There are 2 protein chains.
Amino acid sequence: MSNGLPMKGKRTDLSGVHCAIARSLEIVGDWWSLLIIRDAFRGHKRFGEFHKSLGLAKNILSARLKKLVDAQILSVEADAESASHRYVLTPKGESLHPILVALWQWGEEHCFEGDELKFVMADAVQGKALLKMQPTSQDGRVLRPRDVRLLPRNAAAISHASRESIGRRKTGATRS
Amino acid sequence: MSNGLPMKGKRTDLSGVHCAIARSLEIVGDWWSLLIIRDAFRGHKRFGEFHKSLGLAKNILSARLKKLVDAQILSVEADAESASHRYVLTPKGESLHPILVALWQWGEEHCFEGDELKFVMADAVQGKALLKMQPTSQDGRVLRPRDVRLLPRNAAAISHASRESIGRRKTGATRS
DNA sequence: CTGTATCCTTAAAGATACTG
DNA sequence: CAGTATCTTTAAGGATACAG
């Protein structure tokens, strides 16, 4: 973090900044990209599907799809028959899933009045709502914002242990 | 989900849509809001701090702060002495933390070349990197995108059990 | 030092027509 | 149906001057 912001150049170029959040937003932080990606997770693949679902202008959709392909979030598969393409999520694109889930969960909690909320994100197998995603330490404590810091890369254990690799959690967790 | 998109009206109004992601983005999905919120998590409180850190025009910063206050993500505390305000995160604002962490983790993994990455998000107590946040079922299985579905609200258990409330996980987890 | 008000520029978004 | 090419609109972003 700490601003080595480049600035200057209509609409502020955030690439080059140390902050990973800014870098992510640079790629995926505009009006439509995340919604397109959401639709891709829903299984949409063709131009027309995105277009119908999102209702945005075709030129914009076209531009966004290109941008996402350039960023290697989507890849294109030519479709011989229909002279069309299929846009499918790459692994890099698939790894955006936690961001969408986090957005969904926040919206679910804060952006609906009374009975407006019609759907919940659920485990497809058991049909139960997901756990709320929360920042968690390697030993399984849920961390409040103030318990999370940015540390110089070398000072901290870099490996992101996957949830599988940790033993059962031991300490009392901080309450959210 | 499934588009009851309202549309029409320069820059497409997403409120009113069933999709919680769209609703979240409506509030927080623009160029600057999430960066302002990031700074708020960093402890920034005053106009000038945000301004210096972000380098955006003051009128825009002003507008964004207002918008975030209206959305009850920030609250304003008048500061008698300095004739200034302090902008502090409300609980609703604090609950955006998982979104920022998810963005950070994705950016960390995908938006840096070689040695560019200088900081990692770490547990302040132990100084170790956080677990990667991943969608998880109530019994602790990490879920791949295709294992997550939107279900009608009533069909799924609505409560978001907190991580504390579940027993130790039992089944082999799906590998990411 | 905090912010607001004003003006100007530009690029993002929409509409529509058009090509394969 | 899938996309590209133009044209127009408009609001977001920047610069700067100004007020409490």
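Keep in mind that what you see is a predicted model, and the values were worked out from it rather than measured. All heavy atoms count here, side chains included; hydrogens, waters and symmetry mates do not. First the proteins, then the strands, lettered A, B, ... as listed; each starts at 1.
- The pair Lys132(B)-Glu109(B) meets the salt-bridge criterion, with a side-chain N (NZ, NE, NH1 or NH2) lying under 4.0 Å from an Asp/Glu carboxylate O.
- Residue His51(A) places no side-chain N or O under 4.0 Å from the OP1 or OP2 atom of dA2(D).
- With sequence neighbours left out, Asp70(A) forms a side-chain hydrogen bond (donor to acceptor under 3.5 Å, both in side chains) with no residue at all.
- Comparing the local axis fitted to the first five base pairs of the helix from dG3(C)-dC18(D) to dG20(C)-dC1(D) with the one fitted to its last five gives a bend of 30°, rounded to 10°.
- For Arg64(B), the salt bridge (Lys or Arg N to Asp or Glu O under 4.0 Å) partners two or more places apart in sequence, or in a different chain, are Asp30(B).
- Note: CG (Asp30(B)) to P (dA13(C)) measures 12 Å, nearest angstrom.
- Within residues 57-73 of chain B, the residues approaching DNA chain C are Lys58(B), Asn59(B), Ser62(B), Lys66(B), by heavy-atom distance under 4.0 Å.
- For Phe41(A), the ring pair (Phe, Tyr, Trp, His ring centres under 6.0 Å) partners two or more places apart in sequence, or in a different chain, are His97(A).
- Shown here are the ring pair (Phe, Tyr, Trp, His ring centres under 6.0 Å) partners of His51(B), two or more places apart in sequence or in another chain: there are none.
- Proximity note for Trp32(A) (side chain, C-beta onward) versus dA13(C), dA2(D), dG3(C): the nearest is dA13(C).
- Under 4.0 Å is where a charged nitrogen must lie from a carboxylate oxygen, and between Glu116(A) and Arg23(B) at least one such pair does.
- dT16(C) atom C1' lies 15 Å from atom CG of Leu56(A), rounded to whole Å.
- Phosphate proximity of dA2(D) to Arg46(A): present, with a side-chain N or O under 4.0 Å from OP1 or OP2.
- With a 4.5 Å cut-off on side-chain heavy atoms, Trp106(A) and Ile27(B) count as touching.
- Residues Leu61(A) and Trp32(A) fail the side-chain proximity criterion, which asks for heavy atoms closer than 4.5 Å.
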